[in-house]
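One structure below.
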4 protein chains.
Amino acid sequence: MGEDTPVARKPRADQARNRERLLTAAREVFRTDGASLEAVTRRAGLGTGTLYRHFPTREALFQAVYAREVEELEALAREDDLETWMTAALAMMATKKGMVTALAPVLDKEAPFFTEQSARMTAAVSGLRDRALAAGQIRDEITADDLMRVLLGLSYGPGADASRAGVLLNVFLDGLRPR
Amino acid sequence: MGEDTPVARKPRADQARNRERLLTAAREVFRTDGASLEAVTRRAGLGTGTLYRHFPTREALFQAVYAREVEELEALAREDDLETWMTAALAMMATKKGMVTALAPVLDKEAPFFTEQSARMTAAVSGLRDRALAAGQIRDEITADDLMRVLLGLSYGPGADASRAGVLLNVFLDGLRPR
Amino acid sequence: MGEDTPVARKPRADQARNRERLLTAAREVFRTDGASLEAVTRRAGLGTGTLYRHFPTREALFQAVYAREVEELEALAREDDLETWMTAALAMMATKKGMVTALAPVLDKEAPFFTEQSARMTAAVSGLRDRALAAGQIRDEITADDLMRVLLGLSYGPGADASRAGVLLNVFLDGLRPR
Amino acid sequence: MGEDTPVARKPRADQARNRERLLTAAREVFRTDGASLEAVTRRAGLGTGTLYRHFPTREALFQAVYAREVEELEALAREDDLETWMTAALAMMATKKGMVTALAPVLDKEAPFFTEQSARMTAAVSGLRDRALAAGQIRDEITADDLMRVLLGLSYGPGADASRAGVLLNVFLDGLRPR
DNA sequence: CATGAATGAGGCTTCATTCAT
DNA sequence: TATGAATGAAGCCTCATTCAT
């Protein structure tokens, strides 16, 4: 009796939970230990095969982690002010330094996936940049991609230091004003 | 007995030449193929053991290569004008992107060696920065280390693009002027 | 209560159909892609569990496929003439080279199953052989099993070549005549 | 004293011995356990890397083992009589059944190496075959490759049985006589 | 001193089999 | 009963490091 009541049915829940565990573990491992898949499964407490079911290739996992970061950044870009957004983005990026450091040398920058993500990010930032330009707040030779470059360089370049990045961003923003 | 008789004494020159060969090979390999020690010995045409005699650990070789890069940058900093130097440094750095990309993820940033190199670099840049400050050309809250950070970020940050770095540096330099 | 009421009883037909699908898929996969169970379920469009319900071990599937091949060969042996049958059998075997190549290294030749199948095959060929012997067409030291060996060797031995097997079979048949 | 006397110099000896150990281990493993490289190193009592230094790819090891078999067969073919040779070859092949069974599914038959070995073998047998043909002992439509096929089929085909192979070879040889 | 063979830990990946739903 | 997710043993291979000659 009660076969149709929503009791004790959970198979998909497991799967989703495992995927989440793997992504979380990956972020943690990447933040501190490099990019070993073995380390990820170990930390997730799951079998090797499970990782491969969810992410059939190395790249697939890296990309999934990366995509999530881009999403967060994209969400931020709904700000309506370029300067506010750049400051906020810098703060958020400071949070992820270890992970980016591990991920950067391991991602295949030629993959179509990468181009798509860049396009998404650029689109999100372009709105802010165009509005600032229209308002006469910035020079026109600086593109949305350039703005990303500055943020990424200040956050993840060799020698980057979160406690100085804000100051340097401000200098850059000053320089950005027309004249 | 007779340790000091001039019998078949291998000249010091040989040793120095091998060291040089290894460093050169390492720079070439790092520039194009990643950071495999085997590739280095292969390209140097020397045995594994010889590599280990000169550089007893992985890290030691990486550091030796790194030190040489710092030297070149340091030499450049004998310029007498901050802006000229920054522009020149950017150009030089563009030259070494592959190598830095291979080296960065592999260097232990905590090593005391690293602090020493930074200090050397900072000392070299400080002169330029202090002179610019004295001449009222730049704001005082920017340190010599900050200047390095900007150069490194624009050159080697994720997304860095040599063809845009110059433009971005100019924006930054503009922002650097007092007021 | 009501175990025997006609509620949603899955028809036997389904089960039989799935078994058939799996066997067909297995033959196709073995013919071209090796002997991976995963490939079989994928091609059959069924779940892993279903495969295991029908064939509780790897070996069981292999044997079922093998048994089917034996059946076909057995059916052929209703010919009434040894030479005609051997020629026809050779032609049929040429058809299955890929599958046999995949199956052979994977079957456990010690299994009792194997003895049974051999016995079946031997029984089928024995009739032909005995009749040929009675008619004075062949030497008596050659058994039915020997005849199978020759066919299998010419078809599936290393270096076997369908375009030469017929010629070689004819030589063998010539040699088989008494005197 | 005595640095120049041939004492305590043995490095190459080690290498050659290890290579031999690996080949021997490989033959033993292939004869009984399939074709796992791990099993080979385990049986040889050597490290993984040593196997890879001597045989940089899977194929390299398989080919080295295979080449040795071909050599033995080739040496045999210095017989001056086709029938004697075929009988002797059959006896030798009986010795290697397990190994061939393991090796056959794993060798890349398209590799140039394979073509070379076949050519060597064919060349060796052709002499015997041509002499027999000139002496009017065999039909002319049978090639040296065909002779190899028969031997291989009788020795290594599915169902092959050393105790019957001799009888079957004799039937074939009878059939081979002109008329 | 130079050489390069040997070592083995560690990472990657596949796939037969089990098991929860 | 069917499904497919999870598991983990087992194989492959690379490469930093050691060590015998």
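Labels below follow one simple rule: chain letters A, B, ... track the order of the sequence lines, proteins then strands, and each chain is numbered from 1.
- The interatomic distance linking D14(A) (CG) with dT21(E) (P) rounds to 7 Å, in whole Å.
- Per the geometry, CG belonging to L46(A) stands 5 Å off P belonging to dT7(F), to the nearest Å.
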Using Watson-Crick or G-U wobble pairs with both distances under 3.5 Å, give me DNA chain E in dot-bracket, 5' to 3', with [ ] for crossers and | for pairs to another strand.
-> .||||||||||||||||||||
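- Regarding R53(C), its CZ atom lies at a distance of 13 Å from the P atom of dT18(E), rounded to whole Å.
- The phosphate of dA6(E) (OP1 or OP2) has no side-chain N or O of Q15(D) nearer than 4.0 angstrom.
- Applying the side chain to side chain donor-acceptor pair (under 3.5 Å) test to E38(D) and every residue at least two apart in sequence or in another chain returns nothing.
- Looking at residues two or more places apart in sequence or on another chain, you find a side-chain contact (heavy atoms from CB on, under 4.5 Å) between R27(C) and V65(C), R68(C), E69(C), E72(C), K96(C), M99(C).
- When all heavy atoms are compared, the tightest approach of Q117(D) to A67(D) is OE1-CA, 3.9 Å.
- For the atom pair E116(A) CD and F113(A) CZ, the distance stands at 7.5 Å (nearest 0.5 Å).
- For L51(B) and dC19(F), the CG to C1' distance is 15 Å, given to the nearest whole Å.
- For A39(A), the side-chain contact (heavy atoms from CB on, under 4.5 Å) partners two or more places apart in sequence, or in a different chain, are V29(A), S36(A), R42(A).
- The structure places CG of L107(A) at 7.0 Å from OH of Y66(A), a figure rounded to the nearest 0.5 Å.
- Taking all atoms of both residues into account, the shortest heavy-atom contact from A64(A) to R19(A) is CB-NH2, 4.2 Å.
- Distance, H54(A) NE2 to dA5(F) C1': 7 Å, rounded to whole Å.
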Protein heavy-atom contacts under 4.0 Å, written 5' to 3' over nucleotides 10-17 of chain F as B (base), S (sugar-phosphate only) or - (none), form the string -SBBBBSB
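- In this structure A25(C) satisfies the side-chain contact (heavy atoms from CB on, under 4.5 Å) test together with V40(C), R43(C), A44(C), sequence neighbours excluded.
- Between T50(A) and T50(C), the one whose closest nucleotide on DNA chain F sits nearer the 5' end is T50(C).
- For the segment residues 18-34 of chain C, the set of residues with a heavy atom within less than 4.0 Å of an atom of DNA chain E is empty.
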Residues 47-62 of chain B side chain polar contacts: donor-acceptor under 3.5 Å, at least two apart:
residue : atom : partner : partner atom : Å
T57(B)  : OG1  : E59(B)  : N            : 3.0
T57(B)  : OG1  : A60(B)  : N            : 3.1
E59(B)  : OE2  : D108(B) : N            : 2.7

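- Rounded to whole angstrom, the span from the CZ atom of F55(A) across to the P atom of dC12(E) amounts to 15 Å.
- Among residues two or more places apart in sequence or in another chain, the side-chain contact (heavy atoms from CB on, under 4.5 Å) test is passed with K97(D) by T101(D), Y156(D), A160(D).
- The two atoms that bring P158(C) and V100(D) nearest to each other are CG-CG1, 4.4 Å, heavy atoms only.
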